[in-house]
Amino acid sequence: MTGDGATAVNVGRVDVAGDVRLESRPQVPTRPVQLAPRPPLLLGREEVIGEVRERLRRGPGRPSVVALHGLGGVGKTSVAVEYAHRHQGDYQLVWQLPAHDSAVLSAAFARLAALLGLRETADAADPVDQVHAALAARTECWLLIFDNAPDAGTVRRYLPPAGPGHVVVTSRSGSWPPEQGLEVPVLEPGPGAELVLARSGQEDAVTAAAVVAELGALPLALEQAAAFMAETGLRPAEYLELLHDQRAEVLAQGQPWGHRERVTTTWQLSFSNLERTSPEAIALLRVLACCSHEPIPYQLLLSPLEGRAPREVLAADLRRQRAYGRLPSTPLRRVREVRPWLSAVMVLQELPCDPLAVNAAVSALRGHSLISHPADGLVSVHRLVQAVTLDQLPPPEQQRWRDVAAVLLESVLPADPLDAAAWPRYAELLPHILTVLTPASAGMDKTARYLGASGDYRTARALYEEICAALAARLGPEHPSTLTARHELARWTGELGDAAAARDMYAELLPLRVLELGATHPDTLAIRHELARWTGELGDAASARWQYAKLLPIGERVQGAEHPDTLTIRHELARWTGELGDAASARDMYAELVPIRERVQSAEHPDTLAARANLALWTGEAGDPVGARDRYAALLPVRERVQGAEHPATLITRHELARWTGELGDAAAARDMYAALLVVRERVSGADHPDTLTVRHELARWTGELGDAASARDMYAALLPMRERVQGRDHPDTLAAWANLALWTGEAGDPAQARGHCAALLPVRERVLGPQHPATLLTRHELARWTGELGDAVSARDQYAELLVRHEHAFGAEHSDTLTTRHNLAFWTGQAGDPRTARAQCAALLPVRERVLGADHPDALTTRHNLAYWTGQAGDAEAAHDLYAALLPVCERVLGPEHPDTLTVRHELARWTGELGDPAAARDAYLALLPLRERASGPEHPDTLTARANLAYWTGQAGDPAGARDRYAALLPIRERVLGPGHPVTRSTREQLAYWTERT
């Protein structure tokens, strides 16, 4: 202003008023600080505070800005205040400004300007500009905290443009530039439990951790829960029970330290703003609140609304429910069931239905940090946001939104849960299916089928237990849909390893189906099929074959001789014929079935390919491993082309190709093929899928067969607890892993531990599978074997004699397992000191094996081998030599010149050559054998080391004690490393080294 009495303004201070000059106020040194009290206990935030510090120090511009954003109640302000208190010595000015409202924020700037001496009360200058100017002029660092800013736009003009300072903003909005935004997560479980215990004064750490999980580790909720426990004296377990029973009421209790709001009110302003500005966003939040707290595929869930009216979506859902028999038969009950869906039509109309509207709704929710950052069509919603969102609605309204979420979920479930291509979507939706859908829904049935098909037998069975109970209550215990669910429950009970329960459930179900549909209805025949199957799986292959033989003519008469279901019965009849020990007949039956399948269902139909796979299997079991390998090798590219390289059936074919490659003597190739297959199985089926565990089982086996028994033992030791966790302790596959752990423990040089494993396993297998089950009898076999390996050959012989009676009773005198037991009885008879009887037993066994299996079957060749062996042990070295000499060309022709069994025959032929008085020839034979052993089995395989030991021995016997000494000296450290210094074979090598050293 000009004229007399004008006022001059200088940096906001009045110097002259008219003719009166005012005296200057004395300068008082100040360090402006305005902060909320420091949090008395801040746990689990060191990493976030450290990140704030690092970002502020290395910020690209000055001032540096960090925007702490996240869900309401997550502790953004606590982090900012703790940072300021912790580092206020680094700043000459620390000021916390309320930023939730522009007017309030401007007033706060005016107060700060006045404190800095920049203005008086009547000053008309903009306080924001004054503070910015003063901060820009400062030479020392300062810190401003803008607390609870609605979004970046509302505080942009208040952020200082210059100066050596730092700015921290707290906001629920996630819309910040990446270089500024820092999302504050919920607490980790450990610090969360510490917080609950410290605030409540309780000591139950386990239940406190459960409280943390139930409250989603949200700091505000944990503070509130702890305060409520401290106020009422409730223990964590009592609080948790109360929370489950009265969630809404409990979440409104307790006054958290340093907070005016509670969980039930902290998001109320956000909800109100959304209802006013974006009703589609609040509608979307309500649907998301019905889902699991796991990531939600919101774009997929809303996709049915795109281009379709809500009534069309609802009508499609009703058709699905009707197709699955989920609607009651009476009109009155049907209307009652349909009414909730009809009321959901109006609710469906509230949801965004096109991509732009969906993106706008998501952006609005993200603006209030009510959802996580969307990525790949997924968002997460904190479980308490979900709870409070629904608790605000009356119960009928909550149910309508749950019905809407269920309709949307059902709409996006793939139609065929058995199609492996659909499994990724089921896996993605699974947590939401289990949260949203009822057990009686069609979607829950499809999900249970997917779980079973993908290998999760345990969850499939658990779901079908719920489905059966729900359908029985809703539709009646004998309704067709209930009976179908019981069929599936029985199936997955069996797949989980309880074959007895599956058989009994199908036996109970059969008369109900007969009463409902008749004895020859396809569904009734399907139950008879399953009843036969699980009877066989229980070990009664004879009964299974008999049942399928009875079922076959009925299927042919009712459905036709070439109906796919009839062909499936033929398929199973062939299988159980093979399981009963007649592998050649099974092979021939599949050889007849394959061309019929090809003609009726096409050459590349999955059932045709399955028949080809079984033809390959029983070709191998009938004694033709080369034929089995070649059939699988021919089948594999067809399955890869038709079903896909990673289809489960294709992977099974790779599995069998690896197996028969190993059975042909190439253990290294088998191991490598299983190792490569394991990687694919884990990616396709998951690390815990039963088929993946089976590949691990075979990888361990062939690792052992390659000579590394210790590694095989360790692999089975790692596999066993996985089998127990995934399939249960009593599942046959779990027991098989236990049996193989026993086997390779013994092969690794610990027969006592192996016998102990078998002794512990036997009563379990007897209880689970029955005393006459093949696997139970196999355990008896191994118990006898390791008893013998421990030096008690007489007990081993007696145990095999008892086992032979059991095998003959269970399977017949000419079953392959019976013949194997006769073979082992002969062996341990010889080991017990009676080689003549052993030779006689082998001589009696040989023609039976040749007649039953064929003269060239590997087991028949093994019997010839043992006849030669015990002939030699009985003192007839010349006959033993001649028997081995006759056997060798047969083995070379049938098995191949480098098959392990062929090499064993060469080994024995060399030995008896030496025993007949020609040590030089024996030495030369072992010298020729050794490189074959090394190439076929590896340099450290036990058989390779035995060949080295025999080469050393016959070198000495041929008159070269120094050569024998040197060979034993080279062999000893290898045996010490491979078998251990105390192994009997290692001790024998040490003794031989000493012997030949003395004679050098």
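We count residues from 1, following the sequence as given.
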Exercise. Does any N or O in the side chain of T650 come within less than 3.5 Å of the main-chain N or O of G644, such that one atom is a donor and the other an acceptor?
Worked result: yes
For this session: With side chain to side chain contact (heavy atoms under 4.5 Å, CB included) as the test, would you mind laying out the steps for R597 and T568 before giving the verdict?
Result: CA-CA 10 Å; R597 287 279 201 195; T568 297; 3.4 Å; yes
Exercise. Which heavy-atom pair separates L573 from T577 by the least distance, and what is that distance?
Worked result: O-OG1, 2.7 Å
Exercise. Does V695 reach the side chain of E682, with side-chain heavy atoms less than 4.5 Å apart?
Worked result: no
For this session: Could you tell me whether a side-chain N or O of T820 sits under 3.5 Å from a main-chain N or O of S816, the two making a donor and an acceptor?
Result: yes
Problem set entry | H697 ring center near Y716 ring center (under 6.0 Å) | yes
Seminar exercise, completed: Checking W828, Y800, W786 against H781 for ring pair (Phe, Tyr, Trp, His ring centres under 6.0 Å), the one that qualifies is Y800
Exercise. For the side chain of H941 and the backbone of E705, is there at least one donor-acceptor N/O pair under 3.5 Å apart?
Worked result: yes
For this session: Taking the side chain as every heavy atom from C-beta outward, state whether S937 and L706 have any pair of such atoms under 4.5 Å apart.
Result: no
For this session: Please report the C-alpha distance between H689 and V684 in whole Å, then the side-chain angles of each, then the deciding distance to 0.1 Å, and finally whether the side chain to side chain contact (heavy atoms under 4.5 Å, CB included) criterion is met.
Result: CA-CA 9 Å; H689 189 284; V684 173; over 6 Å; no
Problem set entry | Within 6.0 angstrom of R990 CZ, more than 12 heavy atoms from elsewhere | yes
Seminar exercise, completed: Here the pair of heavy atoms bringing P732 nearest to L769 is CG-CD2, 4.1 Å
Problem set entry | Carboxylate-amine/guanidinium proximity below 4.0 Å for E698 and R671 | no
Problem set entry | Interatomic distance, T946 atom OG1 to L929 atom CG [nearest 0.5 angstrom] | 10.5 Å
Exercise. Within the side chain of Y884, is there an N or O that forms a donor-acceptor pair under 3.5 Å with the backbone of H865?
Worked result: yes
Exercise. In Å, rounded to the nearest 0.5 Å, how long is the span from OG1 of T694 to CD1 of I652?
Worked result: 9.0 Å
For this session: Could you walk me through whether E782 and R755 pass salt bridge (Lys or Arg N to Asp or Glu O under 4.0 Å), step by step?
Result: CA-CA 8 Å; E782 290 295 312; R755 185 182 63 178; over 6 Å; no
Problem set entry | Contact summary for T944 and G938, nearest pair of heavy atoms | OG1-O, 2.8 Å
Exercise. Hey, is the main chain of A669 close enough, under 3.5 Å, to the side chain of D666 for a donor-acceptor pair?
Worked result: yes
For this session: Show the numbers, then the answer: is there a side chain to side chain contact (heavy atoms under 4.5 Å, CB included) between Q727 and M722?
Result: CA-CA 8 Å; Q727 296 173 284; M722 298 177 68; over 6 Å; no
Exercise. Are the side chain of T871 and the backbone N or O of L867 linked by a donor-acceptor pair below 3.5 Å?
Worked result: yes
For this session: Mark yes or no for whether S988, through its side chain, and P984, through its backbone, hold a donor-acceptor pair below 3.5 Å.
Result: no
Exercise. Can you tell me how far CG of L825 sits from CD of Q841, rounded to the nearest 0.5 angstrom?
Worked result: 4.5 Å
For this session: State, to 0.1 Å, how close L720 and T734 come at their nearest heavy-atom pair, and which atoms those are.
Result: CD1-O, 3.5 Å
Exercise. Rounded to the nearest 0.5 Å, how far does CG of L693 lie from CG of D733?
Worked result: 8.5 Å
Exercise. What residue pairs, at least two apart or across chains, pass salt bridge (Lys or Arg N to Asp or Glu O under 4.0 Å) with a residue in residues 608-630?
Worked result: E621-R659
Exercise. Between W954 and D924, is any pair of side-chain heavy atoms under 4.5 Å apart?
Worked result: no
Exercise. Is any side-chain heavy atom of L762 less than 4.5 Å from a side-chain heavy atom of T776?
Worked result: yes
For this session: State plainly whether the residues R713 and D750 are in salt-bridge range, i.e. N to O under 4.0 Å.
Result: no
Exercise. Would a 4.5 Å heavy-atom cut-off, applied to side chains only, mark I596 and R570 as touching?
Worked result: yes
Exercise. Quick one: does R987's side chain have a donor or acceptor within less than 3.5 Å of a partner on G982's backbone?
Worked result: yes
Exercise. Any chance the side chains of T902 and R893 put a donor and an acceptor closer than 3.5 Å?
Worked result: no
Problem set entry | Check: A613 main-chain N/O paired with Y632 side-chain donor or acceptor under 3.5 Å | yes
Exercise. Rounded to the nearest 0.5 Å, how far does OG1 of T989 lie from CZ of R967?
Worked result: 14.5 Å
Exercise. Does a side-chain heavy-atom distance below 4.5 Å link L887 with L861?
Worked result: yes
Problem set entry | Nearest-0.5 Å distance that lies between atom CG in D901 and atom CG in D859 | 9.5 Å
Exercise. Are the side chain of D582 and the backbone N or O of G578 linked by a donor-acceptor pair below 3.5 Å?
Worked result: no
For this session: State, with a plain yes or no, whether a side-chain heavy atom of R641 is found less than 4.5 Å away from one of E604.
Result: yes
For this session: Begin with the C-alpha distance, continue with both residues' side-chain angles, and end with the deciding distance and a verdict on side chain to side chain contact (heavy atoms under 4.5 Å, CB included) for Y590 and L617.
Result: CA-CA 10 Å; Y590 278 114; L617 169 66; over 6 Å; no
For this session: Locate the shortest heavy-atom distance separating C842 from A826; write the atom from each residue and the value.
Result: SG-CB, 3.8 Å
For this session: Identify the heavy atoms of G665 and P900 that sit nearest to each other, and give their distance.
Result: CA-CD, 3.4 Å
Problem set entry | Pair R780, T821: side-chain N/O donor-acceptor within cut-off below 3.5 Å | no
For this session: Report yes or no: do T779 and R765 form a side-chain donor-acceptor pair below 3.5 Å?
Result: yes
Problem set entry | Flag side-chain contact, heavy atom, 4.5 Å: D817 against L777 | no
